[in-house]
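What follows is a short report on a single structure.
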Amino acid sequence: MFRQFRSAVAAALSDALADLGYPTDDLGIEDPPDGVDATLASSVAFRLASEAGAPPPQVAAEVAEAVDVAATEYLARVETNGPYVNFLVDDAYLADTLDAARDDEYGRLPPNGESVVVEHTSANPTGPVHVGRARNPIIGDAIANAVDYAGYDVDRHYYVNDAGRQMAIFTWAYETFDESELPEPAREKDDYDLVRYYRKGNEVLESGDEETVEAAEAEVASILQGLESGDEETYERVGEVVDTVLAGMEESLARLPAAFDEFVKETRFIRDGSSDEVAERLKDLEESVIEEGAWQVDLSEYGYEKKLVFLRSDGTSLYTTRDLAHHEWKFENYDRAVTVLGEDHKLQAGQLGAALDLLGNDTDRLESTFYSYVNLPEGKMSTRAGTAVNLDDLLDEAIDRAREEVERRMDDRIRDDDLAAEDVDRIARQVGIGAVRYDIVSKQPTKSITFEWDRALDFEAQSAPYVQYVHARCCGIVDEAGEEGLAPDAAVDPETLSTPEERDLLKVVARFPAVVEGAAEDLEPHRVATYTREFAETFNAFYRECPVLTADDEATREARLALVAAARHTVANALDVLGVEAPESM
RNA sequence: GGGCGUGUGGCCAAGCGGAUACGGCGAGCGGUUCCUAACCGCUAGAUCGCGGGUUCGAAUCCCGUCACGCCCGCCA
């Protein structure tokens, strides 16, 4: 309802200003601070003061007076507080919110007919997924969820870099070394198995004797050449390594869970000729030149000093050339394209956008969001060097610690719902993995994170379990009501919900669809996390002050139960956007 | 050297032109015969890196400066 109220207020305020002869270009609508009983406020009076020749409070009063309250949906009254004009909601706002949130899909916006592809993770298939890049699937999946909730038709893609030098090295190493030369794998899993070859290969290339390195480089070059020239046998050789490692990575990512609709291989754009076709079109641009045998495009009009090379002097394409073809393919199939990238790809992404623009694409349809890597207190994580904390280990540890917590709390548990062994497993998994996801998704991606076990796996306030607990409490109440034959769907007179805690909770529930909308629009899922925290705080105040099942009278009982059901749907879906499971008991 | 990002109480961190800077951890005090205490209440703790500027108003915008991170390849 908040979205409707917001546009109704904007229209009413705009009309009022126009009637008074004031400009309507800046309505100054904002959220009032905590403790103010209004749902929206405006600070226009400040800006109008000089034009009106009157102090802001006087202008505010004039504006407030001019707003047509009766004609504005959900607007109970307009008040002023010094220079601020405050807009207060009526009971219909709360009633309609309660009604809308009866739907367990509450928070989903109607389909808008637009398609979006969200590309995320896209880590090179060189070995197990590690925590340094774990922000990518977690943020990417949450962005995709938010965009999905906001009404878009979403596909989730993982772009597989299967055509680069790293994969050529990997393939050579895999075919060259024998298992007996390698250490034991950290896990019985294909990605852990194969990464040993990759590490060994890099080790040899770095410090092997000259002759070995020379032979290896020749083999690597031949693999790259084979890929470039469309040699089927080479694709098969590289493909075996890529697919095997990727399957292992996919399995780890699925634990988050982060699932993909499609793994799009880079070699696809070599094989279908689109990479060559892009290169030909680039050559025709007046910004393109050959320097030292290599084709390059001048992007200085976009602010890039150095020219972008798109064909090597030996005529082969580069990563960016293929990525251009990849993105034109996205434009052909989707209305919008979103990419989640590490901050080290910022320059490359900018150049990609510039080149796409030169090629005649509408680059407004392309958006990128960047995150900084998770580092260890002692420095960076590296697959090659083997210094990374693997995602699997983090999730295992999270689940173990969560299980300890569940078991520790079993003794002084009031609720006699006899958790079975499978419940303990379920809760440990939901809480453990939820805590990891929430910890990462709740922070602004641009801020750097230094990984520390205790901080990442804190189950207390401002964490996933804190929010999950609210959901479990809601479920507990609804379940118990059900046992007493009470369903949360009785017709409710909203005037029954009269305490500040009840009304505050409804107002927070009302904001949820707007939070989803904003998070999707700006690709900022952490805003949903911030919302869940505020939601949980508001719910806990309600829980403390307003008994539901033991309420004084039947009408209050039913009304509060309906409110709990609304809260339950809201928090469940907010967590769903974040990709965090909502336990029914914990 | 140039570009981009980050800098908010001891630690983490939201806010990113408007009303008293939202919270958490840690510290101190208190709360459970009552719908799950993974909870709640109270107390202490902040010149929002630093210096200028714009504005009626700046954590938020601009300039400068310092610190840290990332990037500046015919790598990906």
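The structure presented is a predicted model; accordingly, all values stated were derived computationally and were not measured. Note on naming: letters A, B, ... go to the chains in the order of the sequence lines (proteins, then strands), and numbering restarts at 1 for each one.
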Quiz item: Can you find a donor-acceptor N/O pair under 3.5 angstrom joining the side chain of Ser313(A) to the base of C74(B)?
Solution: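 A donor-acceptor contact between them is present.
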
Exercise. Would you kindly check whether a donor in the side chain of Glu343(A) faces an acceptor in the base of G5(B), or vice versa, at under 3.5 angstrom?
Key: no

Exercise. In whole angstrom, give me the gap between the P atoms of G57(B) and C4(B).
Key: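 To the nearest whole Å, 29 Å.
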
Quiz item: In Watson-Crick or G-U wobble terms, both distances under 3.5 Å, what is the partner of U47(B)?
Solution: none

Self-check item: Any-strand Watson-Crick or G-U partner of C70(B), both distances under 3.5 Å
Solution: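 The answer is G3(B), by the H-bond criterion.
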
Quiz item: Where does the angle between the aromatic ring planes of Phe535(A) and Tyr531(A) fall among parallel (under 30°), tilted (30 to 60°) and perpendicular (over 60°)?
Solution: tilted

Quiz item: Do His345(A) and Phe370(A) have ring centres separated by under 6.0 Å?
Solution: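 Distance test on ring centres: not under 6.0 Å, no.
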
Quiz item: So which one's nearest nucleotide on RNA chain B is more toward 5', Pro547(A) or Gly35(A)?
Solution: Gly35(A)

Self-check item: Residue whose nearest RNA chain B nucleotide is more 5′ - Asp344(A) or Ala472(A)
Solution: Ala472(A)

Quiz item: Of all the choices, C72(B), C56(B), A19(B), which nucleotide is nearest to the side chain of Leu347(A) once you look at every atom?
Solution: C72(B)

Quiz item: Under 4.0 angstrom, heavy atoms only, what part of the nucleic acid is Tyr543(A) near: base, sugar-phosphate, or nothing?
Solution: base

Practice problem: Please work out if Ala163(A) contacts a base, only the sugar-phosphate, or nothing of the nucleic acid, heavy-atom cut-off 4.0 Å. | Solution: nothing

Quiz item: Between Gln351(A) and Tyr302(A), does any side-chain donor sit less than 3.5 Å from a side-chain acceptor?
Solution: no

